[in-house]
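What follows is a short report on a single structure.
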Protein chains: 2
Amino acid sequence: MKIATWNVNSIRIRLQHVVDWLIQNPVDVLCMQEIKVVDENFPRSPFEELGYHLHLAGQKSYNGVAILSLKPLQDVSTGFSATLTEVAPEWNEQKRVITGVIDGIRIINLYVPNGAAVGSEKYEYKLRWLNVLREYLQILLASTPNICMCGDFNIALEAKDIHEKVNTENHIMASEPERQALRDILALGFSDAFRKFTTEGGHYSWWDYRAASFRRNLGWRIDHHYLTPNLYERAKSCTIDITPRKLTQPSDHAPVIVEF
Amino acid sequence: MKIATWNVNSIRIRLQHVVDWLIQNPVDVLCMQEIKVVDENFPRSPFEELGYHLHLAGQKSYNGVAILSLKPLQDVSTGFSATLTEVAPEWNEQKRVITGVIDGIRIINLYVPNGAAVGSEKYEYKLRWLNVLREYLQILLASTPNICMCGDFNIALEAKDIHEKVNTENHIMASEPERQALRDILALGFSDAFRKFTTEGGHYSWWDYRAASFRRNLGWRIDHHYLTPNLYERAKSCTIDITPRKLTQPSDHAPVIVEF
DNA sequence: GGATACACGG
DNA sequence: CCGTGTATCC
């Protein structure tokens, strides 16, 4: 089974890229982030024609996540509230979470807040969001211990996940509080699928549109598959496919694929 | 000598269409309207490489007129104030007028206000603008009696200049006050070059982008060459070239060409 | 730098 | 329907 995660930065703009990629890479599950469209306007048919079932948590303009899967998912829910019944409903307004179960594996597709700048209001929101996520995961783990949690985490955990032309100190996506919040989540029992197979740095999943970052390979590895122990053992590969990032009008992110 | 008028609806968007058209139709003079760009950002070189001299009266976002000519123009001025020294300077804010002389012929390139809806503030502005234009022309006629006044007049003078799917009564571009204001201008001694050669209706220079107007030929003839008697006598042809309107991402107007 | 929405002019 | 700007987000 292959599961991919890809921040597509607008599914309507990227439709052809994503369809073409799926034809070349017929993964079992595709988790998308930043679809930037309400469910009614999601371009369903091109994906349904490829045999995918669609599970959407869309929103106008911003955010929005979707899971496409060849087999339909079971036990699908969106947002934190479906699981974390005591959480404030505001945590569901931004569409950043969708989950479902396939072959006994719970897939959790996340679009972690970007956080703007360290110390900003959005940064505080990101840290609080990660804390809510941790509580959410604790509950899910109790019922479905096999979890593939993937998506755009907007956090690079190690120096080798970031190109060297940036001052990482107190940089958004690299600050210690963000990293610690993510480590606290991983401590629930998740491991980075990519690092099972690749230890060296210089592998990235996101390159800023500005300053010709991709051409100069000034990237960040911020899109991840985090696996619970059983799945981590079973993982056979985890790769980043940078080919779609080379197309015209690309997403700023590349897809990351894990295989079991 | 061939003189063309074309409302290009943004020269930056239409650059390739206009360049291609000039290569196929190497007119001596091209009068453009709605260039929608300040002079500093006008794409000069593609036209200069074709041998054209550029005379610009551009503005940000809206309006803007330009004359391109193989021979440089003499006595170029923009706006009403250069000639009508007593007019309020507000009449020069919207860039709708540019003029110059070539081979003893004064070319006046106009973008007449659209007028929005009959009775609106913009409509009153259009009528007052036409009145100022008349005073302006009176002065120019005294020094240069041979005038080719062309451009987007946003007025169709006769029923046969308008398709029949529209109720012309009190319609913008066809209302009696607009037509009378234009007739008052033509009474200074101008004649419609197009009507020297073609008397039947059904020839249009503008089709609304909406409602598939071009496909259904629901057009208006609102782009004109008005000539003083000597030039009118010398006119050999006046045609509308609808081919660029068939391209993808076309201007809503077609070029009109007069030949002496 | 590239995506979104919205307002305005036509 | 098709341009142009502005603002917001990343």
> B/E48: what forms a salt bridge (Lys or Arg N to Asp or Glu O under 4.0 Å) with it, not counting sequence neighbours?
Replying inline: B/R44
>> Please identify the 5'-most and 3'-most nucleotides of DNA chain D with any atom under 4.0 angstrom from a heavy atom of chain A.
In response: D/dT8 to D/dC10
> Under the ring pair (Phe, Tyr, Trp, His ring centres under 6.0 Å) test, which residues partner A/Y52, sequence neighbours left out?
Replying inline: none
>> Does the plane of the ring in A/W220 sit parallel, tilted or perpendicular to the ring in A/H163? Use 30° and 60° as the thresholds.
In response: perpendicular
>> Students should find this one: the first and last nucleotides of DNA chain C, 5' to 3', lying under 4.0 Å from a heavy atom of chain A. What are they?
In response: C/dG1 to C/dC6
>> Heavy atoms within less than 4.0 Å of DNA chain D: which residues of residues 205-217 of chain B have one? Give them sorted by number.
In response: B/Y209, B/R210
> Which of residues 163-183 of chain A have a heavy atom under 4.0 Å from DNA chain C?
Replying inline: none
>> Check whether B/R96 reaches the backbone of B/Y111 with its side chain - one donor and one acceptor, N or O, closer than 3.5 Å.
In response: yes
> Using 4.0 Å as the upper bound for N to carboxylate O, is an ion pair formed by A/K95 and A/D39?
Replying inline: no
If you look only at distance, which donor and acceptor atoms sit under 3.5 Å apart when one is on a side chain in residues 164-172 of chain A and the other is two or more places apart or in another chain?
from: A/N167; atom 1: OD1; to: A/E169; atom 2: N; distance (Å): 3.3

>> With a 3.5 Å distance limit and no angle check, can you tell me whether A/H17 reaches the backbone of A/T248 through a side-chain donor-acceptor pair?
In response: yes
>> B/R216: which residues meet the side-chain hydrogen bond (donor to acceptor under 3.5 Å, both in side chains) condition with it, sequence neighbours left out?
In response: none
> Taking only residues two or more places apart in sequence, or in another chain, which ones meet B/E176 in a salt bridge (Lys or Arg N to Asp or Glu O under 4.0 Å)?
Replying inline: B/R183
>> Between B/D161 and B/R179, does any side-chain N to carboxylate O distance fall below 4.0 Å?
In response: no
>> So, using side-chain hydrogen bond (donor to acceptor under 3.5 Å, both in side chains) as the criterion, who are the partners of A/K126 when residues are at least two apart?
In response: A/E178
>> Closest-nucleotide mapping onto DNA chain C: is A/S251 or B/N63 further toward the 5' terminus? I mean the 5' end.
In response: A/S251
>> Assuming nearest nucleotide by heavy-atom distance, tell me which of B/P113 and A/N9 is located more 5' along DNA chain C.
In response: A/N9
> Residues two or more places apart in sequence or in another chain: which of them pass side-chain hydrogen bond (donor to acceptor under 3.5 Å, both in side chains) with B/E158?
Replying inline: none
>> Applying side chain to side chain contact (heavy atoms under 4.5 Å, CB included), can you list everything that pairs with B/N217, at least two apart in sequence or on another chain?
In response: B/Y204, B/W207
